[in-house]
Amino acid sequence: MTDHEREHRDVQDPLRAVRLAKLDGLKALGIDPYPYEFARTHEAAGLDQRYAGLAAGAETGDLVRVAGRIRAMRNSGMFIDLHDASGKIQIFCHRECLDPQGQAAVRLLDIGDLIGVEGHVRRTPRGELTVNAATISVLAKALRPLPEKYHGLADVELRYRQRYLDLIMNPASRETLRRRSGVVATMRNHLLARDYLEVETPMLHAIPGGASARPFVTHHNALDIDLYLRIAPELHLKRLVVGGLADKVFEINRCFRNEGLSPRHNPEFTTLELYEAYVDYRAMMELTEELITATAQAVLGIPRIEYGGTGIDLSPPWPRRSMAELVEAATGIDFLKLDAAAARDAANALAANTADQRLSDEAGWGNALELAFALRVEDQLIEPIHVIGFPRDISPLAKADRNDPRLVERFETYIYGWEIANAFSELTDPQDQRARFEAQMRARAAGDEEAQMLDEDYVSALEYGLPPCGGLGIGIDRLVMLLTDSPSIRDVIAFPTLRPR
RNA sequence: GAGCCCGUAGCUCAGCCGGUAGAGCAACUGACUUUUAAUCAGUAGGUCUCGGGUUCGAAUCCCGACGGGCUCACCA
């Protein structure tokens, strides 16, 4: 169906025609169905709280003004359930209290309309807190009907495409997105309280760096150049530390990766990235634990989550185990004792039983260890854990391990088998950084589309001197999934990417 | 990108064993004036996602397209 056909059908829709006729009826009464303001005195939850002690059957002389969306009408409109963002309040429309224009207007109201009501507060004999409407203001006439009141909007596609309807109908959807806001606010406040400076760095990059991923390409007309939507803010944030803008910086914002969609991948997703001068990755482990337990505490009240029926205790400290150690525990193979060729063979042997990927002959020792980890360890890491001892060849921006040149000072934090955080002792040696980039460029030339590109200006920045520095990234969407028991990333993103209809 | 599953009234769903489509809610008409998914009586509402095919006959069987979900691959 084309847009034009859909629009035509909407115009033909009898349910819509009825509402349009009522709209005209309201105008005929001299009522503006789309007015400019309504001065309300209370939200529903505020009234509930204030009148918690009001006895059933009791009336008050208190005049209040409330506003919200009509969600139900009973007894031919005599009782109206009015919902606002805070909750529900019942409205009573009776000729003994409601003015004549209000009585006429009620007959033209529909479920879904937004109205404002002024009236006295009472509690009905059956115990429902109620406003006896003296006047009714139409605040927005709805031309489309709401979904079914009991089952709500269940169709997942419609829930994502018409999130506004989902939010009207499904309290759980409102709760999830409110918790998301709570997570972000908690992290921001936590970092600001620790003297981190919040900054914003470019979304449009000439060279997409800071991660291994395929970027979106776009075009700037005036400059006539292609630009890339950023895959990570990392390199710009460290430039700010080089400049001494602050010793601690952070950014909470979107990244874009041109890869497949899944219940755990949206093309645009939100990360927290932060950098702190003069500390190493061990400080980042402590900070990760602080931030995540603080958010759980803020939105759940306890440092414990329940995800898909699995209870997970987030209480710190979390164990720190090396990738090689975990792989050996799972497979009996000590990759630290293998050379690159043997490691490749061992990892490929682990993949042999499944349809999994295999390593090419050029793959390094680190790629082999990483594959073994992904195949045999990753999804077993349910309780929070910091995986340390990452291979150097898959970590071009991390400083070498102090004791083992094959490794770097990097960790990833896993919860429920998902990578939630990724952090390093940042590589600050410009010559080493150039060599790492060059190795990436060779991998790229060999066909690895996700290998990182050489960013000359970033190397220049390092040549002016980046202090010893810890860096940390936390994936906000997945963290929110865990904290809201959401099975799909689309549940925690208000407007997830969908194919246009 | 591959495999499996789904698409019926505005919404939630039956019907799928082929015989021209049904319920509840929403809407409309009326009753009822202290209800709580209000109730009662009645009315109206459908290119069964779209396009082909098989058949006397297709919502139902087959093929294709479109949209979605899940799994896998890439990845956070």
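Chain letters run A, B, ... following the sequence lines, proteins first, then strands; residues in each count from 1. Small disclaimer: the values here were computed from a predicted structure and weren't measured.
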For [N], the Watson-Crick or wobble counterpart (both distances under 3.5 Å):
N: G7(B); value: C66(B)
N: G57(B); value: none
N: G42(B); value: C28(B)
N: C13(B); value: G22(B)
N: U36(B); value: none
N: U47(B); value: none

In whole angstrom, what separates [X]'s [atom1] from [N]'s [atom2]?
X: Leu158(A); N: U49(B); atom1: CG; atom2: P; answer: 14 Å
X: His83(A); N: A37(B); atom1: NE2; atom2: C1'; answer: 11 Å
X: Asp13(A); N: C11(B); atom1: CG; atom2: C1'; answer: 12 Å
X: Lys88(A); N: A37(B); atom1: NZ; atom2: P; answer: 8 Å
X: Glu259(A); N: C72(B); atom1: CD; atom2: C1'; answer: 16 Å
X: Arg264(A); N: G69(B); atom1: CZ; atom2: C1'; answer: 14 Å
X: Ile70(A); N: A38(B); atom1: CD1; atom2: C1'; answer: 17 Å
X: Arg107(A); N: G30(B); atom1: CZ; atom2: C1'; answer: 15 Å

Using the [atom1] atom in both, what is the distance from [N] to [M], to the nearest Å?
N: G3(B); M: C16(B); atom1: P; result: 29 Å
N: A9(B); M: U43(B); atom1: C1'; result: 15 Å
N: U49(B); M: C17(B); atom1: P; result: 16 Å
N: C74(B); M: G67(B); atom1: C1'; result: 23 Å
N: C56(B); M: C28(B); atom1: P; result: 47 Å
N: G30(B); M: A23(B); atom1: C1'; result: 23 Å
N: A58(B); M: C63(B); atom1: C1'; result: 14 Å
N: A73(B); M: C4(B); atom1: C1'; result: 16 Å

With a 6.0 Å cut-off on the ring centroids, do Trp318(A) and Phe411(A) count as close?
no
Centroid separation under 6.0 Å, is that true for the rings of Phe79(A) and Phe92(A)?
yes
Set of residues satisfying side chain to side chain contact (heavy atoms under 4.5 Å, CB included) with respect to Ala451(A), sequence neighbours excluded
Gln440(A), Ala443(A), Arg444(A), Asp448(A)
Please list, pair by pair, any protein nitrogen or oxygen found under 3.5 Å from a nitrogen or oxygen in nucleotides 64-68 of chain B.
from, atom 1, to, atom 2, distance (Å)
G67(B), O3', Arg161(A), NH2, 2.9
G67(B), O2', Glu157(A), OE1, 3.3
G67(B), O2', Glu157(A), OE2, 2.3
G68(B), OP1, Arg161(A), NH2, 3.4
G68(B), OP1, Arg499(A), N, 3.0
G68(B), OP2, Arg499(A), NE, 3.1
G68(B), O4', Glu157(A), OE1, 3.1

List every contact pair, protein side and nucleotides 21-27 of chain B side both N or O, where the distance is under 3.5 Å.
from, atom 1, to, atom 2, distance (Å)
C25(B), O3', Lys149(A), NZ, 3.4
A26(B), OP1, Lys149(A), NZ, 3.0

Which pairs of donor and acceptor atoms, one on a side chain in residues 379-386 of chain A, lie under 3.5 Å apart (sequence neighbours left out)?
from, atom 1, to, atom 2, distance (Å)
His386(A), ND1, Thr413(A), OG1, 2.8
His386(A), NE2, Glu289(A), OE2, 2.7

Closer than 4.0 angstrom, basic N to acidic O: yes or no for [X] and [Y]?
X: Arg174(A); Y: Asp166(A); value: no
X: Glu268(A); Y: Arg254(A); value: yes
X: Arg188(A); Y: Glu198(A); value: yes
X: Lys399(A); Y: Glu426(A); value: no

By ring-ring contact (aromatic ring centres under 6.0 Å, His included), Tyr51(A) pairs with (sequence neighbours left out) none
Enumerate the residue pairs fulfilling side-chain hydrogen bond (donor to acceptor under 3.5 Å, both in side chains) with a member in residues 88-97 of chain A, sequence neighbours excluded, ordered by first and then second residue.
Arg74(A)-Gln90(A), Lys88(A)-Glu128(A), Gln90(A)-Thr130(A)
With a non-hydrogen cut-off below 4.0 angstrom, is [X] in contact with a base, only sugar-phosphate, or nothing?
X: Gly473(A); answer: nothing
X: Gln90(A); answer: base
X: Ala154(A); answer: sugar-phosphate
X: Glu128(A); answer: base
X: Gly260(A); answer: base

Most 5' of Gly127(A) and Gly152(A) on RNA chain B, judged by nearest nucleotide
Gly152(A)
So, using side chain to side chain donor-acceptor pair (under 3.5 Å) as the criterion, who are the partners of [X] when residues are at least two apart?
X: Glu286(A); answer: none
X: Asp110(A); answer: Lys22(A), Lys141(A)
X: Arg107(A); answer: none

What pairs of nitrogen or oxygen atoms, one from the protein and one from nucleotides 6-8 of chain B, lie under 3.5 Å apart?
none

Report yes if the side chains of Arg180(A) and Thr270(A) come closer than 4.5 Å at any heavy-atom pair, otherwise no.
yes
Residue pairs passing the ring pair (Phe, Tyr, Trp, His ring centres under 6.0 Å) test with at least one member in residues 473-501 of chain A, sequence neighbours excluded, are none
Start with the C-alpha gap between Glu412(A) and Arg410(A), add the side-chain angles, then the distance that decides, and say whether salt bridge (charged side-chain N to carboxylate O under 4.0 Å, His left out) holds.
CA-CA 7 Å; Glu412(A) 288 185 349; Arg410(A) 171 181 180 186; 2.9 Å; yes
Polar pairs (N or O, both sides) under 3.5 Å between protein and nucleotides 31-34 of chain B?
from, atom 1, to, atom 2, distance (Å)
C32(B), N3, Ser76(A), OG, 3.2
C32(B), N4, Ser76(A), OG, 2.3
U34(B), O2, Arg122(A), NH1, 3.4
U34(B), N3, Arg122(A), NH1, 3.2
U34(B), N3, Arg122(A), NH2, 3.3

